[in-house]
Amino acid sequence: MMEIMTVVLIVGLLAGMAYPVYTGVRDRAEGAACAANLKNLYGAAAGYVQEHQTWPQIEVPKLTPGVGFRSSDPASFPGRWIEALKPYGATEKTWRCPTIERMIRAKGAPGADKAERLDYNPTNFEAGIFNAFQWPNHPWFVERGAGHGRGPKLILTSGAVVDVEEVMRGR
């Protein structure tokens, strides 16, 4: 009986030591997948701009205090972005940060993982081919959450993926 308790204790200690390593590896992998999503969105948006000579002109639903959304169809905002960039390689999955996805599953929100969702907010630019390229350090897409430790990730006009903390330090 003493031997079994010793084995259980040793296995428990090893599991306790391995868990932080596992979560660290998982977090780094999710951060890399998030950066890859941003790069894919960047490539898709650049392809869209090249073909259409402008940034996608998709109406942002406006929120009125006490009233809610004023747009006729605010739920279609994610769908319009997904459809606009899909021909350029950005699938619905590309718009989902794996860390945010894991957090949603952990909270058990029914249907939230199946709804059309943008985990990366697109920046709006006026129509015109050069407007999206006007400022080299302007973000094209900004991650909604801050699950990677140093603030939300974003991708700049230059194609660089950075954390908000890096931008705030003056990069």
Side-chain angles (χ1 to χ4, degrees), residues 25-64 68-164 166-167 171:
V25 169
R26 181 200 63 208
D27 292 347
R28 284 191 298 279
E30 287 177 348
C34 180
N37 283 348
L38 284 165
K39 288 277 189 182
N40 287 335
L41 289 172
Y42 177 85
Y48 184 100
V49 169
Q50 185 174 7
E51 184 172 326
H52 297 274
Q53 303 294 300
T54 189
W55 184 260
Q57 298 298 299
I58 298 172
E59 178 187 358
V60 177
K62 297 197 178 9
L63 192 63
T64 304
F69 287 108
R70 288 190 299 173
S71 175
S72 59
D73 191 8
S76 68
F77 180 74
R80 287 190 225 158
W81 270 102
I82 291 166
E83 288 304 312
L85 298 188
K86 191 181 283 185
Y88 307 96
T91 65
E92 188 172 344
K93 186 177 179 185
T94 308
W95 288 94
R96 294 179 177 225
C97 171
T99 303
I100 294 172
E101 193 88 340
R102 179 176 45 81
M103 288 187 219
I104 287 172
R105 272 188 261 119
K107 287 183 180 176
D113 58 337
K114 293 178 179 50
E116 283 184 333
R117 187 178 86 236
L118 304 182
D119 291 343
Y120 307 102
N121 286 327
T123 301
N124 288 328
F125 294 99
E126 291 181 8
I129 188 165
F130 299 113
N131 289 341
F133 296 96
Q134 195 168 3
W135 302 283
N137 289 327
H138 192 282
W140 276 17
F141 298 95
V142 179
E143 180 186 24
R144 284 182 160 216
H148 304 294
R150 296 186 311 178
K153 289 189 175 300
L154 45 101
I155 190 158
L156 305 176
T157 304
S158 64
V161 175
V162 296
D163 296 309
V164 166
E166 291 176 58
V167 173
R171 203 169 170 265

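In this structure, Tyr42 and Leu156 have side chains that are not in contact, with every pair of non-hydrogen atoms separated by 4.5 Å or more. Looking at Leu154 and Val162, their side chains come closer than 4.5 Å, going by heavy atoms from C-beta outward. Within the 4.5 Å cutoff, the side chain of Asn131 has no heavy atoms near those of the Trp55 side chain. Residues Leu118 and Phe77 are in side-chain contact: their nearest non-hydrogen atoms beyond the backbone lie under 4.5 Å apart. Contact of the Trp95 side chain with the Pro78 side chain is not registered, since no non-hydrogen atoms from C-beta on lie closer than 4.5 Å. Contact annotation: the side chain of Pro98 approaches that of Asn37 to within less than 4.5 Å [non-hydrogen atoms, C-beta and beyond].
Partners of Asp163 under the side chain to side chain donor-acceptor pair (under 3.5 Å) rule, at least two apart in sequence or in another chain, are Arg150, Lys153.
In this structure a side-chain-to-backbone donor-acceptor pair under 3.5 Å is present from Lys39 to Gly159. A side-chain donor-acceptor contact under 3.5 Å links Thr157 to the backbone of Trp135. Without hydrogens or angle criteria, Glu59 side chain to Gln57 main chain gives no donor-acceptor distance under 3.5 Å.
In terms of heavy atoms, Pro56 sits closest to Leu85 at CG-CD2, 4.3 Å. Arg96 approaches Glu92 most closely through the heavy-atom pair NH2-OE2, 3.4 Å. In this structure, Leu41 and Tyr120 approach most closely via the heavy-atom pair CD1-CD1, 3.6 Å.
Here Arg80 does not pair with Glu83 in a salt bridge; the nearest charged N to carboxylate O distance is not below 4.0 Å. One finds a salt bridge joining Arg117 and Glu101 here, because a Lys/Arg side-chain nitrogen approaches an Asp/Glu carboxylate oxygen to under 4.0 Å.
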*Kindly determine whether Asp119 and Lys93 satisfy salt bridge (Lys or Arg N to Asp or Glu O under 4.0 Å), including the steps that lead there.*
CA-CA 10 Å; Asp119 291 343; Lys93 186 177 179 185; over 6 Å; no

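Atoms CD1 and CD, from Ile155 and Glu143 in turn, are 12.5 Å apart once rounded to the nearest 0.5 Å. Phe130 CZ to Thr54 OG1: the interatomic distance, rounded to the nearest 0.5 Å, is 11.5 Å. To the nearest 0.5 angstrom, Cys97 atom SG is 8.5 Å from Leu38 atom CG.
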List the atom pairs, with distances to 0.1 Å, where a side-chain N or O of residues 121-128 and a protein N or O form a donor-acceptor pair under 3.5 Å, not counting sequence neighbours.
unit_1 : atom_1 : unit_2 : atom_2 : d
Asn121 : OD1    : Arg144 : NE     : 2.8
Asn121 : OD1    : Arg144 : NH2    : 3.2
Thr123 : OG1    : Pro139 : O      : 2.7
Thr123 : OG1    : Trp140 : O      : 3.2

